[in-house]
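So the structure is just underneath, and the comments pick up after that.
Atoms within each ligand, like the ligands themselves, are counted from 1 in listed order. Values below: every heavy atom of this structure, side chains too, minus hydrogens, waters and symmetry copies.
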Amino acid sequence: MKRSAFPFFVFFLLTFTLNAHASLLGIRLGKQENHTRIVFDLSEKVPVESVNDGGLRVILSAGRNSNFKNPREVGIIKEIEVDQDSLRRTKVLFKSSFAVKILKSFWIAPSSSSSHYRYVLDIAKGEDLPNPVLPSFAKKLKIVIIDAGHGGQDPGAVGYRETLEKNVTLAVAKKLAATLNESGHYKAILLRKRDVFMSLASRLKKARALKGDVFISLHADSHPRPDTRGLGVYTLSSVASDKEAERLAQKENKADLIMGIDLKDELPEVSNILIDLTKRETMNLSTKLAQSLVKNLGKYAFLLRNPHRFAGFVVLRSTDLPSVLIELGYISNKKDEELLLSEEYQDKICHGILEGIEAYFHR
Ligand SMILES: [Zn+2]
């Protein structure tokens, strides 16, 4: 048994190793008399998948060569998107205003005229589409809305060395957006990108309009006791989990008072403290997201004793958007403040959040 399995193991290992180094050198399109020819130039023969669902998607188990240039649209192809997935495969989407049919596909081995492999796809116009469906890779990305707490005239909490909460939240928010976008699975949208004031009501309105998949509000707390430290993840509840969470929610909800904004005028439904039972599903999802974040952030950050807490945070009141608020730490604590100002620690936290979001979506 062992003897016969061994060569297969070597074969798989070899295939994997080869594919890991395979590269896509280029893609060429040419218009022929009755069809459009697409040629993929590759360093090796690699697995190719193609899906034809209103646009032709081709996935090649190869990374793009450094000299790779995006191909130009020819024939029935009106737009081309090239992307890479988390497995370092290259995904190419050929968009057409027609349904596309594949006439044939074949490999051409290296020869005296060409030193690399070529994968050829001959395509032609299929049935007309009544409403051209132009699916995009971008649309398949989950949208994460990131809310950097406070800003402008509202500095938020003030730290041990007078660090302002609004600056910490913005720095981490920007880093988190970059981390999520780089993963290739998410499209991160920042509610504020600069040091500007935004009312809680306008944050809620904007978040709802963006139709995101999850909402993450970033904050950093302060405490009269300088030794209080740790990260906590909060979700919405009409009843607070503890006195501390209640105190925190009251403090965070005061952001609007600075500009004299009355929430009741801005967003009538927000004034209703009782949360409708129909919103339970969103609340359940928020809880799952919070638990997943706590579990993954715990690998990188010092957590509060009960790291998942809940209270009546206004900014988490979207009815259809799973929402959490992360208090990254206490900037009134010397150690937490120091960590939150270091890029290295900010990177760690962002990775923890990314892992938490990944676990949430693959639950
Ligand atoms: Zn805050």
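- For the Zn ion (ligand 1), the nearest N, O or S atom contributed by Glu165 is named OE2.
- Taking 2.8 Å as the criterion, Glu327 does not count as a coordinating residue of the Zn ion (ligand 1), since none of its N, O or S atoms falls below it.
- The closest approach of His219 to the Zn ion (ligand 1), by N/O/S atoms, is made by ND1.
- Remark: Asp83 does not engage Arg57 in a salt bridge, criterion side-chain N to carboxylate O under 4.0 Å.
- The OE2 atom of Glu252 and the NE2 atom of His150 subtend an angle of 140° at the Zn ion (ligand 1), given to the nearest 10 degrees.
- Side chain to side chain, Tyr234 and Glu252 fail the donor-acceptor criterion of an N or O pair below 3.5 Å.
- No side-chain N or O of Thr179 forms a donor-acceptor pair with one of His351 less than 3.5 Å apart.
- Within the model, atoms NE2 of His185 and CG of Leu354 stand 8.5 Å from one another, a figure rounded to the nearest 0.5 Å.
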